[in-house]
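Data block below; observations after.
Since the structure is predicted, the reported quantities are computational estimates derived from the model, not experimental observations. Reckoned from all heavy atoms, side chains included, excluding hydrogens, waters and symmetry mates.
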Amino acid sequence: MSRHDIILGACLALCFAVSSAPAQTAEPSGLRANEALLTLEYQTIKVPGDRPIDLMGFHLYHKVFDGVYLGAGFYAPLFKGEYGGFVAADLGAHVRRRLAGPVWGIAGLSAGGGGGGRSVEHSKRLSGSGGFAKGYVGLGYDFGSFTLGATVSKLKFRKAIIDGTQANLFIEVPYSYLTGPFSGHDQPLSPSDDHRAGQEMGENMLTLAQDNYRQLDPKGTSKDTIGIADLQYAHFFAPDTYWFAALGMGYHGMPLYNQLLGGLGRRLRLTPEITLYGQLGLGSGGYSPEQIDTSSGLLVYPKLVAEYALTRDLGLALSLGHMAAPKGSSRNQTYGLSLTHHLRSGQTADAAGPPSYRGLRFSVFQQTGYHLRYRDIDRAPLQMVGLQLDLPIGQRWYLPLQASGAYTAYLGYPGYAEILGGIGLQTRALPGERLQTYGQLMAGANVHGKAAKASAGLRYILNERMALNMSVGHIVARSASGGRFSADNLALGLDYRFSMPTR
């Protein structure tokens with residue numbers, strides 16, 4: 001068993017312990033307050049024989065014990081070297097303890113997978129098999145609304161030249177949010193819960209977009225228009241102003257082109273049905289600079305979106321924008337189509353109709369790909385870590401969105417990944433029942449291009465919040481050159497189930 005398996009297993013075991021603790025089994029009938037941390041970090045890593053790589057980290061941690069948080073996050077480069085398209089994701093534990101007054105001790109441990117480099121061949125030297133582990137310890141100063149500090153971190157990619165100890169600057173922003181029982185999906189809120197949600201929660205938006213990047217005078221070897229699948233979360237901190245975070249991956253033209261963006265947006269209501277949004281995103285992305293020249297990875301993305309309300313909660317939108325890499329030559333005209341799900345609290349301007357709960361299910365899983373074949377040749381198994389978000393439609397149907405990445409090499413290279421979305425069907429779990437079966441069909445992309453995946457599984461419900469799941473499945477894909485990819489897979493995961501109050 002590898003170090004990455006041990007760390008991941010420890011994280012899942014800790015989650016299981018939390019879900020089984022007596023203090024967590026007695027679920028309240030209404031809303032529950034939850035504590036979390038949003039962290040941003042920056043570090044510069046020496047690369048032997050090459051220019052250093054700088055990584056910006058973005059993590060979301062959920063509090064499970066006093067001072068103990070579990071979560072997931074991403075890393076991507078910004079300003080140094082020519083590593084555009086390098087991306088990594090991890091799962092980990094984050095610990096903070098007050099030492100004296102506003103001074104806190106910070107420590108953590110994580111593991112995950114990723115990779116990238118100036119070229120496909122260079123990625124093998126830079127990030128090896130793609131699997132990595134990170135540990136850190138340091139101090140932070142609490143300013144009230146945020147904590148600023150520094151750590152010493154050790155980051156090592158397996159069989160790679162990224163293996164160093166360096167300073168890491170970070171900022172932690174604590175926040176809280178309200179959730180209800182997962183079984184309350186589509187059920188009405190009590191008047192007191194509705195009032196509380198209106199007082200404590202703002203509006204949120206979850207957007208799934210299909211974006212197209214038409215390259216303008218491209219300097220890299222790839223000249224095609226790139227099709228992007230993009231998932232964006234936005235939170236309104238003022239009536240019509242929001243911040244957002246988005247993850248995008250290519251499925252056509254340049255499979256698994258990737259980008260991570262965050263920024264600010266503004267909303268303008270033209271009519272009850274038509275709304276305009278303008279937003280500016282900053283972040284990192286690309287593939288390899290020899291194919292698309294994003295150089296160090298830094299991206300700037302202004303975009304205008306026009307949304308038409310299909311229902312009270314769903315909107316269909318068209319977008320136009322311009323994606324640029326300031327330190328590279330990549331310039332792109334963008335256009336796309338998106339579907340937005342609105343989650344509104346009881347006192348937002350758009351609130352209408354009876355208040356109710358909207359269920360969400362978030363899963364983290366370990367997946368093994370076996371019986372893997374490409375171009376009719378058997379390949380080595382793949383070990384992957386994945387995340388899935390399920391949006392229930394009634395009690396039986398749901399919409400699954402899944403992203404996963406390998407921490408072992410594929411065809412000798414790091415960075416294998418999948419991004420998929422589709423439809424799922426599950427048996428109805430009545431109160432007191434522990435077992436639930438499900439099946440799902442999804443389409444999207446892997447490193448070869450368009451992909452389709454079918455899976456079926458069994459879920460064991462621990463309590464109202466937590467469940468374990470196991471599934472088996474099969475994925476197929478075909479590369480642009482006609483090579484066929486197929487693999488069976490076995491996944492073991494942990495579900496976090498909750499609902500959000502909305503109107």
* Atom CZ in Arg97, atom CG in Asp66: separation rounded to 0.5 Å? -> 5.5 Å
* Minimal non-hydrogen separation, Leu441 against Ala454, with atom names -> CD2-CB, 3.5 Å
* To do: Could you tell me whether the side chain of Arg379 and the main chain of Tyr374 form a donor-acceptor pair under 3.5 Å?
  => yes
* **Heavy-atom pair of closest approach, residues Leu387 and Ala72** => CD1-CB, 4.5 Å
* Rounded to the nearest 0.5 Å, what separation is found between the OG1 atom of Thr179 and the CG atom of Leu31? -> 7.5 Å
* With no hydrogens and no angle check, is any side-chain donor or acceptor of His59 less than 3.5 Å from a backbone partner on Leu40? -> no
* To do: Please examine the side chains of Tyr251 and Ile419, heavy atoms only from C-beta on, and report whether any two atoms are closer than 4.5 Å.
  => no
* Charged N to carboxylate O under 4.0 angstrom, Glu464 versus Arg32? -> no
* Any donor-acceptor N/O pair, Thr427 side chain to Thr437 backbone, under 3.5 Å -> yes
* Decide if the gap between the ring center of Tyr410 and the ring center of Tyr416 is smaller than 6.0 angstrom. => yes
* Which atoms form the tightest heavy-atom contact between His342 and Thr502, and what is the distance? -> O-OG1, 4.1 Å
* Structure fact -> In terms of heavy-atom contacts, Ala406 and Leu382 come closest through CB-CD2, 3.9 Å
* Could you tell me whether a side-chain N or O of Arg267 sits under 3.5 Å from a main-chain N or O of Pro239, the two making a donor and an acceptor? => yes
* Would you say the side chain of Tyr242 lies within less than 4.5 Å of the side chain of Glu203, judging by non-hydrogen atoms? -> no
* To do: Look at the rings of His62 and Tyr496 and say which category their plane angle falls in: under 30° parallel, 30 to 60° tilted, over 60° perpendicular.
  => tilted
* Is it true that the side chains of Thr207 and Thr340 contain a donor and an acceptor less than 3.5 Å apart? -> yes
* Give a yes or no on whether the backbone of Leu462 and the side-chain of Arg434 come within a donor-acceptor separation of less than 3.5 Å. => yes
* Could you tell me whether the side chains of Thr151 and Ser153 share a donor-acceptor contact shorter than 3.5 Å? => no
* **Spacing of CG belonging to Leu304 relative to CG belonging to Leu276, to within rounding of 0.5 Å** => 6.0 Å
* Tyr61/Glu172 under side chain to side chain donor-acceptor pair (under 3.5 Å): CA gap, chis, key distance, verdict -> CA-CA 10 Å; Tyr61 293 107; Glu172 295 177 337; over 6 Å; no
* Specify the closest pair of heavy atoms between Tyr357 and Gly180, including all atoms of both residues, with the distance to one decimal. => CE2-CA, 3.7 Å
* Return yes when atom CZ of Arg396 has more than 12 non-hydrogen atoms of other residues, nucleotides or ligands closer than 6.0 Å, and no otherwise. => no
* Considering residues at least two apart in sequence or located in another chain, which fulfil the side chain to side chain contact (heavy atoms under 4.5 Å, CB included) criterion with Tyr308? -> Glu273, Ile274, Leu310
* Evaluate the side chain to side chain contact (heavy atoms under 4.5 Å, CB included) criterion for residues His185 and Ser499: first the C-alpha distance (whole Å), next the side-chain angles of each, then the deciding distance (0.1 Å), finally the verdict. => CA-CA 6 Å; His185 173 69; Ser499 62; 5.5 Å; no
* Asked: Using the benzene-type ring in the case of Trp, are the ring centres of His252 and Tyr257 under 6.0 Å apart?
  -> no
* Look up atom OG1 in Thr39 and atom CZ in Arg96, then write down how far apart they are to the nearest 0.5 Å. => 10.5 Å
* Asked: Shortest non-hydrogen contact from Val447 to Pro255?
  -> O-CB, 3.5 Å
* **Point-to-point distance, once rounded to the nearest 0.5 Å, from OH of Tyr136 to CG of Leu155** => 12.5 Å
* side chain to side chain contact (heavy atoms under 4.5 Å, CB included) between Leu494 and Met466: does it pass, once the steps are laid out? -> CA-CA 7 Å; Leu494 180 74; Met466 310 296 292; 3.8 Å; yes
* Asked: Do the side-chain N and O atoms of Asp488 and His474 include a donor-acceptor pair separated by under 3.5 angstrom?
  -> yes
* State whether a side-chain donor-acceptor pair under 3.5 Å links Gln187 with Ser356. => no
* Asked: Does the side chain of Ile226 reach to within under 4.5 Å of the side chain of Asn212, using non-hydrogen atoms?
  -> no
* Who pairs with Ser455 by side chain to side chain contact (heavy atoms under 4.5 Å, CB included), at least two apart in sequence or on another chain? -> Gln440
* Under the side chain to side chain donor-acceptor pair (under 3.5 Å) rule, collect the residues that match up with Thr275, sequence neighbours excluded. => none
* To do: Give a yes/no verdict on a cation-pi contact between Arg158 and Tyr407, requiring under 6.0 Å between NZ or CZ and the six-membered ring centre and an angle within 45° of the axis.
  => no
* Among side-chain atoms of Tyr398 and Gln426, is any donor-acceptor pair under 3.5 angstrom? -> no
* To do: Compare all side-chain heavy atoms of Leu189 with those of Arg196 and state whether any distance is below 4.5 angstrom.
  => no
* Any side-chain heavy atom of Gln388 sitting closer than 4.5 Å to one from Leu401? -> no
* Give the C-alpha distance, both sets of side-chain angles, the deciding distance and a yes or no for side chain to side chain contact (heavy atoms under 4.5 Å, CB included) between Leu264 and Gln279. => CA-CA 6 Å; Leu264 297 175; Gln279 64 180 45; over 6 Å; no
* For the side chain of Ser471 and the backbone of Gly457, is there at least one donor-acceptor N/O pair under 3.5 Å apart? -> no
* To do: Applying side chain to side chain contact (heavy atoms under 4.5 Å, CB included) between Leu206 and each of Leu343, Leu339, Leu389, report the one that passes.
  => Leu389
* **Verdict with supporting geometry, Asn469 and Tyr438, side chain to side chain contact (heavy atoms under 4.5 Å, CB included)** => CA-CA 10 Å; Asn469 72 73; Tyr438 64 92; 3.6 Å; yes
* To do: Answer yes or no: is there a side-chain heavy-atom contact under 4.5 Å between Tyr301 and Leu261?
  => yes
* Answer with yes or no whether the side chains of Thr241 and Arg266 bring together a donor and an acceptor at under 3.5 Å. => yes
* Side chains of Ser363 and Asp495: is there a donor and an acceptor less than 3.5 Å apart? -> yes
* To do: Check whether more than 12 heavy atoms from other residues, nucleotides or ligands sit under 6.0 Å from atom NZ of Lys154, and answer yes or no.
  => yes
* So do the side chains of Arg484 and Val476 get within less than 4.5 Å of each other, counting heavy atoms only? -> yes
* Asked: Do other residues, nucleotides or ligands put more than 12 heavy atoms under 6.0 Å from the OH atom of Tyr141?
  -> no
* To do: Taking the side chain as every heavy atom from C-beta outward, state whether Met56 and Leu260 have any atom pair closer than 4.5 Å.
  => no
* **Separation of Ile423 CD1 from Met442 CE (nearest 0.5 Å)** => 11.5 Å
